[in-house]
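These notes concern the structure reproduced below.
Predicted, not measured: the structure shown is a model, and the values here were computed from it. Protein chains get the first letters and strands the later ones, always in sequence-line order, with residue 1 at the start of each.
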Amino acid sequence: MNRHGDRRGLARALGSWFAQEARELPWRSEAPGGVGAWAVLVSEFMLQQTQVERVLPRFLEWMRRWPLPSRLAAEEPGEAVRAWGRLGYPRRALWLHGAATEIANEHGDVVPRDVETLLGLTGVGPYTARAVAAFAYGERHPVVDTNTRRVIARLVRGRAAAGPPRAGDLDDMAALLPDDPVEARVFNAAAMELGAVVCTARAPRCEECPVSEWCEWRGAGYPDNAPAKRPTQARFEGSDRQARGRIMALLRSAAAPVPRSEALRAAQGPAGSRAKAVDPAQPRRVYDSLLADGLLVEFEGRARLP
DNA sequence: AAGGCGGGGAA
DNA sequence: TTCCCAGCCTT
């Protein structure tokens, strides 16, 4: 913390800003009617690498259809994948179905409360486990996502950006967290919200920032001192990811299993738009990868969702 | 520690 | 085009 005050002042300023300005999102417990841990878990799975605006309609649809883990567990996994739509990373749908099954069968249809048990669910990592414990149950844990990492990097470390995840990220957040669990919960949510709407990656709106007087990056004159960025992601066009997505789109829309040949053809995209330098091995490769991931099941030469 | 994994929106 | 997004899993 810097010259402008202790961490309690920071938490107070951030907390009042959050109370005033936070977006109303249906998975926040404060929302009318309140939501339970199951809703928090579903939202956190969907929000992994996917923006809030895209998640909103899917989340509402899921909660209407599967208000309890056991309701989802009663479905075929493929139904979860189908209802996942185009959110991306469809393995998350599979993992969420698996988590629902385990919760229904082994935890009395109640989402676990402690971080260790949550971490045991496939698809639940350090962020999601603490987010559920903190937001759904009010447990006092540091919750660190990409927004929070950037806020800490600027506010505390005086850097323009966060850089790749570090082992100390959780400790950094823990050092800022108010002692009172209720305040800590707000602080976690507020740090994420600040990073999402004010302290943004691209063009931060520092003039609107409620905690600018605590900001080391501002104090240093906004130096362009961003640490090395993570390696740039390979282009999507023509990638295996795109080819996988095309097969998945076909399987989601299909009312019945489709011939394998049709799925392989779908991997190449619409006939008119095929790239010139196609990898002839790509369709088979991505088809097999979907098989290995359990996103595709083959039976008598036909492919379908699991 | 590094690479793979969707897809869309914004600069 | 490139960057970024309420990450996680495998190797």
Side-chain angles (χ1 to χ4, degrees), chain A residues 18 22-23 25-28 39-59 81 84-96 98-99 118-136 141-152 160-167 169-170 173 185 188-197 199-204 226 228-249 251-252 267 269 282 285-286 288-290 292-295:
Chain A
F18 184 74
R23 298 167 292 179
L25 301 174
W27 46 84
R28 303 227 234 247
V40 173
L41 183 67
V42 171
S43 74
E44 296 301 347
F45 264 87
M46 290 184 171
L47 287 163
Q48 290 169 8
Q49 293 287 281
T50 306
Q51 295 89 332
V52 166
E53 299 72 33
R54 292 178 57 206
V55 163
L56 276 169
R58 286 290 163 205
F59 170 80
V81 175
W84 198 254
R86 307 183 64 82
L87 283 182
Y89 296 144
R91 289 185 295 186
R92 292 182 292 169
L94 224 43
W95 291 337
L96 183 49
L118 287 161
L119 284 172
L121 302 169
T122 301
V124 175
Y127 164 75
T128 302
R130 288 170 180 80
V132 170
F135 298 141
H141 294 288
V143 180
V144 177
D145 76 327
T146 186
N147 292 305
T148 301
R149 293 197 316 105
R150 183 176 52 252
V151 168
I152 290 176
R166 305 180 310 119
D169 288 340
L170 281 176
M173 187 59 173
R185 181 177 179 282
N188 278 315
M192 292 172 60
E193 183 79 1
L194 187 75
V197 308
C199 195
T200 52
R202 210 62 83 88
K229 58 185 74 169
R230 62 177 186 279
T232 58
Q233 185 175 315
R235 60 181 290 112
F236 183 64
E237 193 64 33
S239 67
D240 283 10
R241 285 176 159 176
Q242 184 183 42
R244 282 169 57 104
R246 284 171 168 155
I247 294 181
M248 292 307 297
L251 297 184
R252 285 197 308 270
Q282 185 181 59
R285 180 173 65 247
V286 301
D288 287 342
S289 75
L290 291 173
D293 285 345
L295 286 166

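- Of the possible donor and acceptor atoms, one in the side chain of A:Asn188 sits under 3.5 Å from a partner among the backbone N and O of A:His141.
- Looking at A:Arg54, its side chain has no donor and acceptor atom pair within 3.5 Å of the base of B:dG9.
- Contact annotation: side chain of A:Gln51 to base of C:dC5, donor-acceptor pair present below 3.5 Å.
- Using a 4.0 Å cut-off, no side-chain N or O of A:Arg92 falls inside it from OP1 or OP2 of C:dG7.
- Between A:Leu121 atom CG and C:dC8 atom C1' the separation is 13 Å, expressed in whole Å.
- Under 4.0 angstrom from either OP1 or OP2 of C:dC8 there lies at least one side-chain N or O belonging to A:Thr128.
- Mapping A:Val52 and A:Val124 onto DNA chain C via the closest heavy atom, the residue that lands nearer the 5' end is A:Val52.
- Nucleic acid contact class of A:Ala201 (heavy atoms, under 4.0 Å, all strands): sugar-phosphate only.
- Put simply, A:Arg202 has no side-chain N or O that comes within less than 4.0 Å of OP1 or OP2 on C:dC4.
- By the 4.5 Å heavy-atom criterion applied to side chains, A:Phe45 and A:Thr50 are not counted as neighbours.
- The shortest distance between side-chain heavy atoms of A:Val143 and A:Met173 does not fall below 4.5 Å.
- Considering only side-chain atoms of A:Pro126, the nucleotide from C:dG7, B:dG7, C:dC8 that sits closest is C:dC8.
- Checking C:dA6, B:dG6, B:dG8 against every side-chain atom of A:Gln233, the shortest atom distance belongs to B:dG6.
- Among the heavy atoms of the strands, none lies under 4.0 Å from A:Arg130.
- Expressed to the nearest 0.5 Å, how far CG of A:Leu119 lies from CZ of A:Arg130 amounts to 6.0 Å.
- Checking B:dG7, C:dC8, C:dA6 against every side-chain atom of A:Met192, the shortest atom distance belongs to C:dA6.
- Between the side chains of A:Tyr127 and A:Gln48, not a single donor N or O lies within less than 3.5 Å of an accepting N or O.
- OP1 or OP2 of C:dC5 has not a single side-chain nitrogen or oxygen of A:Thr50 nearer than 4.0 Å.
- Taking side-chain N and O atoms only, A:Arg244 has a distance below 4.0 Å to OP1 or OP2 of B:dG6.
- Looking at the side chain of A:Thr146, the nearest of the listed nucleotides C:dC8, C:dG7, C:dT1 is C:dG7.
- When heavy atoms are screened at a 4.0 angstrom cut-off, A:Pro165 is found touching no nucleic acid atom at all.
- Checking C:dC5, B:dG4, C:dA6 against the side-chain heavy atoms of A:Arg91 singles out B:dG4 as nearest.
- C:dA6 and B:dA11 have their P atoms separated by 14 Å, given to the nearest Å.
- Nucleotides B:dG6 and C:dT10 have their P atoms positioned 14 Å apart, rounded to a whole Å.
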